2 protein chains.
Amino acid sequence: MAGSRTLKAGPPRPTPPVRVRRKRADQYHHGDLRRALLDQAVRTIQLHGVDELTLRGVGRDLGVSRTALYRHFADKAALVEAVAAQGFRTLRERLTEAWTQGGEGGGGFAAMAAAYVHFALEQPSHYRVMFGAALDAASCDPDLTVEGAGAFQALVDAITWQQREGLLRDDDPLQLANYVWSVVHGISMLALDGRLRANSDEIDLLVSFAVKRIRTGIEKLDP
Amino acid sequence: MAGSRTLKAGPPRPTPPVRVRRKRADQYHHGDLRRALLDQAVRTIQLHGVDELTLRGVGRDLGVSRTALYRHFADKAALVEAVAAQGFRTLRERLTEAWTQGGEGGGGFAAMAAAYVHFALEQPSHYRVMFGAALDAASCDPDLTVEGAGAFQALVDAITWQQREGLLRDDDPLQLANYVWSVVHGISMLALDGRLRANSDEIDLLVSFAVKRIRTGIEKLDP
DNA sequence: ACCTGAACACCGTTCAAGT
DNA sequence: ACCTGAACACCGTTCAAGT
């Protein structure tokens, strides 16, 4: 319930900031306000969803004026894009961790898929923002583009590694990566939307089923 | 650019209604206002995206008061859910058409996948609404639930048909359907978000590549 | 540079009142 | 039953003014 996009939600609640700073009226924020605004936006989104994110609310939570934000972000869209970029950075970390800890290869690849879906399910609102913030591909924040490409690259790297080892078909690695990404993204989004009619254990089962089907579909046959 | 979710868009333009009905001030709408509101909402969403859909705008386009809508829909969320339900109805038609015209079997299955992605790409804003309207799975419009399940059923039917013919593995058809749905939904969403860095021809190539990989992954091996 | 409050043009929603 | 305008409590954004 919390954590999903809502068209209309309950009464607005203040999201407690990490550092409570009740500044007196004659003081400035003086600190990394940009960082503080971004962190608070992430926190609000994770707790209450994007639709409850208001510039006024973020300002209020930080004890700062309604319009202070415009010194650091062009507008609300820019703030949300920064949140999305942050999400892709975290996602890439999770994926590379899974790849190495899963043992680089078939096991690592399966671990990556599971880590991807878990990331989406653990922070549904944040994940939604990552894939809905783009107005259109062209006009979006370059930082967001870079971080999005970075997360995708973790997947491409794992695929080319396996191709070099002769584990996967010699198709275009980008096409293979797009295919695999589509599967995990599709599972994540359908699960978030509650369209898989499945609890978290059943989703795990679907993920491991999907990993097996993917592998059968793209593994290299003996030469 | 038009047709994608936007956080902030250009100046609001009126969406021309199909039947221009300039009623005089002393008249009622008297007709299927619910239907007219729904159609106008679909039109506005397809032309300008969800974020430009306002109750006031829909009323204005239809020459009706700002609040007339509340006689037919509980609130804005209910209107959007009705739009989503409408979308699933259309999607199911497209899928079953593709299945029969594609020749029921491997060809029909491939045609369904292509039809699915084309539907999403042709009406991106409408497709987005279909998969973002749900507050949470429980509290959503029963009509939306029914229509969503109906579209999914078209896929399940195609799978069980192929299983009966011995073309597909004897796995749980629901799990197979969830897997296949995840792939086409994933491709559609990534393409809509401009994250596949591909034009429409390249997306077609990805779809046919994906169909081959899916088939290799789930086809029945000779006994 | 950085921050402020007042003001502007929007929203969705409620409600007493009209036919 | 169906529709109406006025009113309420919100928004994002702009801007002249403060330090």
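In what follows, chains are A, B, ... by sequence order, proteins preceding strands, each numbered from 1. What you are looking at is a predicted structure, and each value in this text was computed from that prediction instead of being measured.
- Atoms CG (B/Leu62) and P (D/dC3) sit 11 Å apart, rounded to a whole Å.
- The aromatic rings of B/Phe209 and A/Tyr179 stand perpendicular to each other, their planes meeting at an angle above 60°, with 30° marking the opposite boundary.
- Between B/Ala68 and A/Leu53, the residue whose closest nucleotide on DNA chain D is further toward the 5' end is B/Ala68.
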Using a cut-off of under 3.5 Å, enumerate the N/O to N/O pairs linking the protein to nucleotides 5-8 of chain D.
from: D/dG5; atom 1: O6; to: B/Thr67; atom 2: OG1; distance (Å): 2.9

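- If you check every strand for non-hydrogen atoms under 4.0 Å, B/Leu69 touches nothing.
- An OP1 or OP2 oxygen of D/dC2 is reached within less than 4.0 angstrom by no side-chain nitrogen or oxygen of B/His72.
- The pair B/Arg92-B/Glu97 does not meet the salt-bridge criterion, since no charged nitrogen lies less than 4.0 angstrom from a carboxylate oxygen.
- Nearest heavy-atom pair, A/Thr54 versus A/Lys76, reported as atom, atom and distance to 0.1 Å: CA-NZ, 4.4 Å.
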- Dot-bracket summary - DNA chain C, pairs being Watson-Crick or G-U whose distances fall under 3.5 Å, with | when paired to another strand: ||.|||||...|||||.||
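- The CG-P distance, from B/Asp32 to D/dA1, rounds to 18 Å in whole Å.
- Residues forming a ring-ring contact (aromatic ring centres under 6.0 Å, His included) with B/Tyr127 (at least two apart in sequence, or on another chain): B/Tyr116, B/Phe131, B/His185.
- Heavy atoms only, all atoms of each residue included: A/Leu176 and A/Ile159 are closest at C-CD1, 3.8 Å.
- Remark: C1' of D/dC2 and CZ of B/Phe73 are 15 Å apart, rounded to the nearest angstrom.
- What separates CD of B/Glu52 from C1' of C/dC10 is a distance of 13 Å, to the nearest Å.
- Within the nucleic acid shown, B/Leu79 has no heavy atom closer than 4.0 Å to any nucleic acid atom.
- Distance CG (A/Leu33) to P (C/dA1): 17 Å, rounded to an integer number of Å.
- Atom CG in B/Asp75 sits about 14 Å away from atom C1' in C/dC11, given to the nearest Å.
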May I have the list of side-chain donor-acceptor pairs in residues 199-207 of chain B shorter than 3.5 Å, sequence neighbours left out?
from: B/Asn199; atom 1: OD1; to: B/Asp201; atom 2: N; distance (Å): 3.0
from: B/Asn199; atom 1: OD1; to: B/Glu202; atom 2: N; distance (Å): 2.8
from: B/Glu202; atom 1: OE1; to: B/Asn199; atom 2: N; distance (Å): 2.9
from: B/Asp204; atom 1: OD1; to: B/His118; atom 2: NE2; distance (Å): 3.0

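- In terms of the side-chain hydrogen bond (donor to acceptor under 3.5 Å, both in side chains) criterion, residue partners of A/Asp171 (sequence neighbours excluded) are, by chain and number, A/Arg169.
- Nearest heavy atoms, A/Ala120 versus A/Leu192: O-CD1, 3.6 Å.
- Between the NZ atom of B/Lys76 and the P atom of C/dT14 there is a distance of 14 Å, rounded to whole Å.
- Atom pair B/Arg60:CZ and C/dC10:C1' shows a separation of 10 Å (rounding to whole Å applied).
- Side-chain nitrogen and oxygen atoms of A/Tyr70 include at least one within less than 4.0 Å of the OP1 or OP2 phosphate oxygen of D/dT13.
- Checking B/Arg71 against B/Thr54, the closest nucleotide of DNA chain C that is more toward the 5' end is the one next to B/Thr54.
- For B/Arg89, the side-chain hydrogen bond (donor to acceptor under 3.5 Å, both in side chains) partners at least two apart in sequence or on another chain are B/Gln86, B/Asp143, B/Glu147.
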